[in-house]
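Report on one structure; see the data block that follows.
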Amino acid sequence: MSEQMNTVISGDESDIHDEPHIRGRRITVSHSHALVEERGLNAQTVADRFGLPISDVYHALAYYHDHPEEMRAVKERRQEVHEAAESDLRTITGPDDLPEA
């Protein structure tokens, strides 16, 4: 078994997330990808921010690119949840949604 499989756990095998994440941490593969490849943060910066070895960040990025269908499904699920929350008036997404005391 590769080291990557030991570093990243799929959402199906997880007790703490419904999407792939770094084993033993609540840091998702998609969050790691967003920080490094979408926001342009250095992988070492991300590792330092979360107290991770840099190899964990790179394993998460490799997992993202090795499993495009799974990551696309994660993105679609997140979008569905976001849209459902926007249409539900009971959902609190920020201070403006709180009822006045």
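Positions are given from 1, in the same order as the sequence printed here. Here the structure is a predicted model, which is why all the values come from computation and not from measurement.
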Task: Side-chain donor/acceptor of R77 to backbone N/O of D18, under 3.5 Å - done: yes

TODO: Decide yes or no on side-chain hydrogen bond (donor to acceptor under 3.5 Å, both in side chains) for E37 and Y64, but give the supporting numbers first.
DONE: CA-CA 11 Å; E37 296 187 9; Y64 181 92; over 6 Å; no

Open item on the list: Closer than 3.5 angstrom, by distance alone: can the side chain of R25 be matched with the main-chain N or O of F50 as a donor-acceptor pair?
Closed with: yes

- [ ] Apply side-chain contact (heavy atoms from CB on, under 4.5 Å) to Y63 and S32, showing your working.
- [x] CA-CA 11 Å; Y63 189 97; S32 300; over 6 Å; no

Open item on the list: Assigning hydrophobic clusters by single linkage (Ile, Leu, Val, Met, Phe, Trp, Tyr; side-chain heavy-atom cutoff under 4.5 Å), is L52 placed with V46?
Closed with: yes

Open item on the list: One pair to check against side-chain hydrogen bond (donor to acceptor under 3.5 Å, both in side chains): S30 and E19. What are the steps and the verdict?
Closed with: CA-CA 9 Å; S30 57; E19 64 181 88; 2.7 Å; yes

Task: Among E83, H82, E76, the one residue meeting side chain to side chain donor-acceptor pair (under 3.5 Å) with Q79 - done: E83

Open item on the list: Do L61 and I27 sit in one hydrophobic cluster, given that two such residues count as connected whenever their side-chain heavy atoms are within less than 4.5 Å of each other, even indirectly?
Closed with: yes

Open item on the list: Less than 4.5 Å apart, side chain to side chain, heavy atoms only: is that true for T7 and S55?
Closed with: no

Task: Listed partners of H65 passing ring-ring contact (aromatic ring centres under 6.0 Å, His included), at least two apart - done: H33

Task: Side chain proximity check, H67 to P20, heavy atoms < 4.5 angstrom - done: no

- [ ] Find out whether H21 and V29 are in side-chain contact, i.e. whether some heavy atom of one side chain is under 4.5 Å from a heavy atom of the other.
- [x] no

Task: Passing candidate, side-chain contact (heavy atoms from CB on, under 4.5 Å) with Q44, options V36, I54, V57 - done: I54

Open item on the list: Within the 4.5 Å heavy-atom criterion, are D56 and R23 side-chain neighbours or not?
Closed with: no

Open item on the list: Please determine whether residues I22 and L35 belong to a single hydrophobic cluster, defined as Ile, Leu, Val, Met, Phe, Trp and Tyr linked transitively by side-chain heavy-atom distances below 4.5 Å.
Closed with: yes

